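Quick caveat: nothing in here was measured; it's all calculated off a predicted structure. Proteins come first, then strands; the chains are lettered A, B, ... in the order of their sequence lines, and each starts at number 1.
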Amino acid sequence: MQQSAANALTPSSPEERASQTDSTKTPGGSTQLDDAPPENAPENAPETSSTQGSPHQTPSPTGSEETPAPIPANPNLQIQLKSEAGRLLLRLPPNPENSRSLVPWSDLWLQLKQRLNGGDRFWQPQTVVHLVAGDYLLDGRQLQTIAEALEEAQLQLKRVYTSRRQTAVAAATSGYSVEQESAVTLFSQASTVNGQALDDPLYLQTTIRSGVEIRHPGTVVILGDVNPGGSVIADGDILIWGHLRGIAHAGASGRSQCRIMALHMQPTQLRIADKVARAPETPPARYQPEVAYIGSDSIRIAIATEFSRVNLNRSFG
Amino acid sequence: MTRIIVITSGKGGVGKTTCTANLGMALAKNNHRVVVIDSDFGLRNLDLLLGLENRIVYTALDVLAKECRMDQALVKDKRQPNLSLLPAAQSRNKESITPEQMKELIGELTSKHDFILIDCPAGIEMGFKNAIAAAKEAIVVTTPEISAVRDADRVIGLLEANDIKAMRLIINRIKPAMVQEDMMMSVQDVQDILAIPLVGVVPDDERVIVSTNKGEPLVLEESLSLAGLAFANIGRRLIGEKIPFLDLNAPHDHLFSRIRRMFRN
Ligand SMILES: Nc1ncnc2c1ncn2[C@@H]1O[C@H](COP(=O)(O)OP(=O)(O)OP(=O)(O)O)[C@@H](O)[C@H]1O
Ligand SMILES: [Mg+2]
């Protein structure tokens with residue numbers, strides 16, 4: 001049943017590959033994600049990342065317990081924007097004193113603009129924003145740039161939480177109310193412990209263009225295309241209501257039951273938990289909505305309508 | 001209102017400068033007051049394509065340094081007095097000017113011109129940031145190649161982030177025969193990914209290279225070549241005229257008769 005519903009994707013475990021017809025040329029492999037530094041994992045390494053059957057992982061038919069610790073959709077690499085009690089919280093990535101942030105200011109600004117472009121349909125005009133800057137160092141000009149970007153999306157910056165004295169001074173000078181807190185209390189919430197409940201889904205109406213990477217510690221829904229060179233990394237499911245031509249990594253913190261769904265599944269690469277797959281070199285004659293999931297220890301793709309039926313029968317997993 | 005348009009691409013060598021020179025000339029021929037700005041400091045060549053190199057006395061940097069007035073730096077085109085060029089300095093690098101200074105220069109030009117076309121250098125670094133700083137619109141140029149389209153896509157994202165949302169696409173150097181044989185991305189393939197409005201498709205044509213070397217934009221030709229016609233049409237679409245896209249697949253004899261017909265109109 002599941003065999004018939006699944007079309008050939010590059011399988012990712014050696015046994016699985018052997019059991020399938022040789023319709024794809026690219027040998028996939030469970031990738032040792034824990035070896036890759038987080039910054040270049042998903043975006044820069046698509047061509048080289050699928051190493052042949054990872055030696056230190058014994059493929060287990062039941063799946064996820066023995067997987068190497070994958071990279072979660074690390075919230076420390078991106079800004080987060082979420083609503084809480086009628087206002088928006090804009091949380092900046094950490095930037096501990098005496099070390100460089102993984103997200104330099106120009107990237108941070110770009111991320112903010114992209115999130116605002118993709119989400120502006122969902123906020124009431126003049127919604128109040130609290131900036132949770134943590135230990136990210138901001139000067140007056142940068143604060144003003146953030147406020148202007150928010151204003152452009154009809155949002156209002158009101159309050160700034162920071163653990164940095166300099167940022168606090170800049171914010172107070174610019175007329176925002178300031179709350180200074182210790183770095184520890186601010187960022188204990190943002191840590192990524194396995195087994196923690198996922199964040200609320202992130203819903204974006206936008207095109208994920210080349211060079212853009214969306215990371216979210218929960219499910220991601222994109223109303224639009226993910227172009228070649230763009231990527232979506234989620235700790236939960238990924239739903240692309242459009243063309244998926246770039247990279248999607250669902251269950252990035254290790255949840256192998258996560259899925260990737262797309263109206264038009266033509267990815268550069270798919271990942272679910274620690275499994276990697278590439279689309280077959282010969283594209284199907286016709287595209288239709290499909291679902292990628294882990295079945296028999298490798299990534300499989302099923303036609304969406306078929307998948308629902310299989311799923312209801314609980315014949316896998 | 002002056003329209004300030006940046007011509008950009010991400011990838012180098014896809015035809016930004018060629019497009020800037022031809023569109024500038026096409027708009028000027030249609031009685032618009034046009035200034036084209038070379039924002040490629042260090043690797044200027046818009047002056048060459050326009051055949052104006054030997055007439056440059058001052059550059060944009062001299063204007064900023066208050067060593068000359070703006071009107072002294074502007075090089076007027078002899079063939080087409082509606083067109084002038086603000087040259088870039090040859091000897092400097094891209095860091096020798098800031099986005100603020102670019103805005104200052106362009107601010108000085110708005111009152112006397114209808115169009116300001118900014119020829120952007122390749123890449124997304126400082127030169128790109130300078131070029132887009134004052135722009136209100138963008139023309140994104142790409143060739144039908146995967147790498148060029150990828151870079152164009154990236155640039156479109158950056159333009160969006162910089163609140164330049166009025167964007168149009170030029171697909172340059174298309175080879176209809178190769179598209180028909182499925183060896184090259186088609187116009188549709190490119191549009192599927194980039195998803196911004198198309199303003200023109202320019203065929204690959206050796207005459208473009210010849211005109212580059214002569215310093216004579218194709219749109220100046222007595223009887224327009226297909227590429228020249230494509231540029232002329234883009235100029236007219238920019239001012240809102242509805243002009244159907246050329247059918248580049250039509251056999252040649254038909255093509256020439258059609259060009260002649262269009263030319264008489
Ligand atoms: N449609 C065309 N047909 C044939 N040759 C072309 C065409 N368009 C541009 N070229 C040639 O491609 C080369 C590069 O063009 P051009 O200098 O306009 O590109 P560019 O994008 O400005 O490059 P750079 O990024 O270096 O500034 C030139 O030699 C030009 O003659
Ligand atoms: Mg150029």
| query | Are any of the side-chain nitrogens in Glu137(B) or Arg168(B) under 4.0 Å away from the carboxylate oxygens of its partner? | reply |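 Salt bridge present between Glu137(B) and Arg168(B).
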| query | Is Lys165(B) paired with Glu160(B) through a side-chain N to carboxylate O contact shorter than 4.0 Å? | reply |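 Answer for the salt bridge query: no.
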| Under 4.5 Å from a heavy atom of chain A, the part of Asp151(B) involved |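 Contact with chain A: none, neither part.
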| Does any heavy atom of chain A fall under 4.5 Å from the side chain of Lys129(B), the backbone, both, or neither of them? | neither
| Has Arg91(A) got its NZ or CZ under 6.0 Å from the middle of the six-membered ring of Tyr136(A), at an angle within 45 degrees of the ring axis? | no
| field | Sole candidate of Val190(B), Val14(B), Asp153(B) that passes side chain to side chain contact (heavy atoms under 4.5 Å, CB included) when paired with Thr142(B) | value |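 When Val190(B), Val14(B), Asp153(B) are each tested with Thr142(B), the side chain to side chain contact (heavy atoms under 4.5 Å, CB included) holds only for Val190(B).
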| request: Quick one: which of Leu158(B), Asn162(B), Asp163(B) has the most heavy-atom pairs under 4.5 Å with chain A, could you say? | output: Asp163(B)
